[in-house]
Amino acid sequence: MLQIRCKNNQVTKSFPEGCSLLDVYQEFADEIQLPYPVVSAKVNNTSQGLKFRLFQNRDVEFLDACEGSGHRVYVRSLCFVLYKAVSDVFPNSKLFIEHPLSRGYYCNLKRRGNDQPLTEEDVEQIRERMRQIINLDMPFRRFESTTEESIRIFSDRGFTDKVKLIETSGQIYTDYYMLGDTVDYYYGPLVPTAGYLKVWGLEKYADGLLLRVPDKKNPLVLAEKILQPKTFEMFAEKVHWDIIMRLSNAGDVNKAVLKGQASKLIQVSEALQEKKIVQIAEEIDRRFRAEKDPIRIVLITGPSSSGKTTFCKRLSIQLMACGLHPISFSTDDYFVNRVDTPLLPNGQYDFDNIKAVDCALLEDHLQRLMNGERVEVPEYNFVTGKREYNGKRLKLQNDSVLIIEGIHALNPMLTEQISDTAKFKIFVSALTSISLDDHNWIPTHDNRLLRRIIRDYNKGAYSACETIRMWHNVCEAEEKWILPFQETADAMFNSALNIEFAVLRTHAEIILASVPKNCPEYSEAHRLLKFIHYFIPVSDKEIPPTSIMREFVGGSSFKY
């Protein structure tokens with residue numbers, strides 16, 4: 001008999017060796033009473049499917065489809081249902097689950113011999129087949145085979161994306177799943193059966209599909225759809241360049257690295273980013289010199305670890321190359337005194353709140369600067385928590401443009417008294433377009449979290465445990481204060497590089513491996529570690545000193 005401790009209620013019970021997590025849950029179900037249906041579990045802080053069998057004493061925590069591991073299990077399973085439905089309705093077609101969009105997932109469907117765009121009738125056929133699969137409660141069956149056998153299975157079905165991934169993974173054995181007679185590969189667990197997937201939606205979006213998923217806070221309802229046409233265009237641009245570079249997924253990157261092309265990938269990726277920065281700088285210069293409604297302020301924002309700071313410095317260089325004189329202006333210096341900072345429900349200071357910034361004073365200073373006045377600007381003392389005036393004065397020249405970078409830069413409350421015609425707004429984020437394979441996307445959150453873990457560790461600011469522990473609150477603040485305004489941007493900049501994960505692996509591996517197994521954050525560290533192992537490591541020695549990546553891995557020629 002095994003001793004299984006349920007972390008949901010801290011109760012330990014005995015179970016026979018070889019019992020499944022479903023067996024354990026049925027014994028504990030009446031006692032833990034989770035608010036939403038259970039979809040997966042953590043076993044010793046490692047995510048597992050409910051069919052996972054136990055052969056040793058373990059700690060078990062059951063999860064619903066709210067934010068985190070349970071949500072990923074739900075969405076991953078729903079993607080398999082979509083793929084099977086597409087395969088059944090349109091045989092010989094190819095489904096690409098490309099990236100998160102509009103609180104769902106954008107999918108592209110290529111049908112052999114049919115170049116016509118999808119119709120509403122086509123989408124309804126797929127929807128109906130998904131309903132049938134779910135109503136039949138089809139089981140997800142997991143198999144383990146030698147990597148050679150898995151390669152044969154996927155090769156026979158024409159899955160070159162999965163073949164390249166598995167071939168370069170370095171694994172001896174490989175897991176794969178079947179739903180009915182449809183086979184697929186997923187890098188994490190699935191729910192036991194399709195009947196678990198009660199909440200979902202599918203609709204036509206642009207030339208493809210939008211797979212809608214449950215709300216992270218209330219998985220009994222669909223996440224509210226938001227329109228993101230500019231974000232969609234930025235993803236489409238990145239996918240376009242990936243196709244040109246023949247890099248669609250991790251297997252392509254690994255194959256290129258094995259062929260000795262890592263340097264070329266780095267050089268082309270950096271060149272594409274510099275080209276985009278030049279285009280943005282030239283547009284700012286054009287509008288700055290316009291006779292009617294010239295711009296004088298550039299506002300830059302983006303979520304944590306998107307590379308905003310390095311982007312600002314590189315943009316400033318390109319603006320100087322255009323003959324302008326950029327002046328950086330920090331919103332941090334306009335924090336209200338700490339005692340006046342809004343509080344979170346737990347009593348801690350809410351430094352992310354827009355009310356933590358003295359918007360009225362900042363706007364007054366901006367307007368006076370734009371009117372040609374000399375202004376003494378404050379400097380915030382983060383030790384005393386007070387705003388100070390130390391004789392720092394600014395005055396704009398005829399060729400001066402103000403650059404303001406901060407989490408609230410695009411929030412209209414920050415500069416509501418200043419005409420929009422005087423502002424140029426930029427949104428920066430790491431929108432990863434490289435996928436593990438055609439059905440396994442890489443969340444943009446993972447890209448940024450890996451960057452932040454490395455930077456925090458290198459600076460001695462936080463351990464990996466501490467960074468992971470804070471990440472949920474960071475993302476909550478982004479959802480509230482940054483992301484709602486991204487579609488108002490005049491320009492968007494993608495700071496992700498095609499070869500980035502291969503480089504990040506060389507830095508993140510040892511940091512993530514240091515997270516103790518008895519730490520709750522081990523679950524996320526283990527997932528990230530497993531994920532980056534799909535990429536063959538690449539040294540950062542050829543990453544230029546001005547690269548955005550240098551902000552995180554060190555060695556930048558910029559001063560931060």
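Annotation: Asn371, atom CG; neighbour count of heavy atoms from other residues, nucleotides and ligands within 6.0 Å is above 12. For Gln10, the CD atom is densely surrounded, since the number of other residues' heavy atoms within 6.0 Å is greater than 12. Heavy atoms from other residues, nucleotides or ligands lying under 6.0 Å from CG of Asn398 number 12 at most.
Two residues are said to be in side-chain contact when any heavy atoms from C-beta on lie closer than 4.5 Å; Glu274 and Thr546 fail this criterion. You'll find the side chain of Glu237 reaches within 4.5 Å of the side chain of Lys276, heavy atoms only. Here the side chains of Glu282 and Gln318 are not in contact, with every heavy-atom distance at 4.5 Å or above. Annotation: side chain of Cys359 is in contact with side chain of Ile354 (closest heavy-atom distance under 4.5 Å).
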Pair Arg550-Asp540, salt bridge (charged side-chain N to carboxylate O under 4.0 Å, His left out): steps then yes or no: CA-CA 9 Å; Arg550 289 292 177 193; Asp540 69 6; 3.5 Å; yes
Stepwise salt bridge (charged side-chain N to carboxylate O under 4.0 Å, His left out) check, Arg286 with Glu283: CA-CA 5 Å; Arg286 184 187 69 78; Glu283 177 62 14; 2.7 Å; yes
Audit row: Glu478, Arg448, salt bridge (charged side-chain N to carboxylate O under 4.0 Å, His left out) steps and yes/no: CA-CA 12 Å; Glu478 292 169 356; Arg448 296 190 291 109; 3.0 Å; yes
Leu497 and Gln273: CA distance, side-chain angles, deciding distance, side-chain contact (heavy atoms from CB on, under 4.5 Å) verdict: CA-CA 9 Å; Leu497 298 175; Gln273 285 195 350; 3.3 Å; yes
Residue pair Val213, Tyr74: steps toward the side-chain contact (heavy atoms from CB on, under 4.5 Å) verdict: CA-CA 9 Å; Val213 301; Tyr74 191 103; 5.7 Å; no
Steps toward side-chain hydrogen bond (donor to acceptor under 3.5 Å, both in side chains) verdict (Lys423, Thr415): CA-CA 9 Å; Lys423 297 179 284 194; Thr415 55; 3.0 Å; yes
side-chain contact (heavy atoms from CB on, under 4.5 Å) between Phe288 and Arg296, intermediate numbers included: CA-CA 7 Å; Phe288 178 87; Arg296 298 304 301 274; 3.5 Å; yes
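Rounded to the nearest 0.5 Å, atoms CG (Leu324) and CD1 (Ile327) are 11.0 Å apart. Note that the CZ atom of Arg387 and the CG atom of Asp358 stand 4.5 Å from one another [nearest 0.5 Å]. Rounded to the nearest 0.5 Å, atoms CD (Glu509) and CG (Leu450) are 11.5 Å apart. Within the model, atoms CD of Glu98 and CG of Leu209 stand 10.5 Å from one another, a figure rounded to the nearest 0.5 Å. Distance CZ/Arg452 to OG/Ser306: 11.0 Å, rounded to 0.5 Å.
Under the side chain to side chain contact (heavy atoms under 4.5 Å, CB included) test applied with Ile284, the options Leu319, Asp490, Ile403 reduce to a single match, Leu319. Partner of Ile300 under the side chain to side chain contact (heavy atoms under 4.5 Å, CB included) criterion, out of Leu315, Leu410, Ile404, Thr309: Leu315 alone.
Judged by distance alone, with hydrogens and angles left aside, the side-chain atoms of Thr301 form a donor-acceptor pair with the main-chain N or O of Ile407 at under 3.5 Å. Using a distance-only test at 3.5 Å, with no hydrogens or angles considered, no donor-acceptor pair links the side chain of Glu521 to the main chain of Val515.
There is no side-chain donor-acceptor pair under 3.5 Å between Lys480 and Asn353. No donor-acceptor contact under 3.5 angstrom links the side chains of Glu405 and Ser328, judged on distance only.
Note on Lys230 versus Glu233: no salt bridge recorded, every NZ/NE/NH1/NH2 to OD/OE distance being 4.0 Å or above. The pair Arg527-Glu524 meets the salt-bridge criterion, with a side-chain N (NZ, NE, NH1 or NH2) lying under 4.0 Å from an Asp/Glu carboxylate O. The pair Asp350-Lys355 does not count as a salt bridge, with every side-chain nitrogen at least 4.0 angstrom from each carboxylate oxygen. A salt bridge does not link Arg451 to Glu551: none of the charged side-chain nitrogens sits closer than 4.0 Å to a carboxylate oxygen.
When ring centroids are compared, Tyr334 and His365 come within the 6.0 Å threshold. A centroid separation of less than 6.0 Å is found between the aromatic rings of Phe531 and Phe501. Taking the six-membered ring for Trp, Phe235 and Tyr106 have ring centres at least 6.0 Å apart.
Relative orientation of the His445 and Trp471 rings is perpendicular, given thresholds of 30° and 60° on the angle between their planes. Between Phe558 and Tyr560, the ring-plane angle classifies as perpendicular under the 30° and 60° cut-offs.
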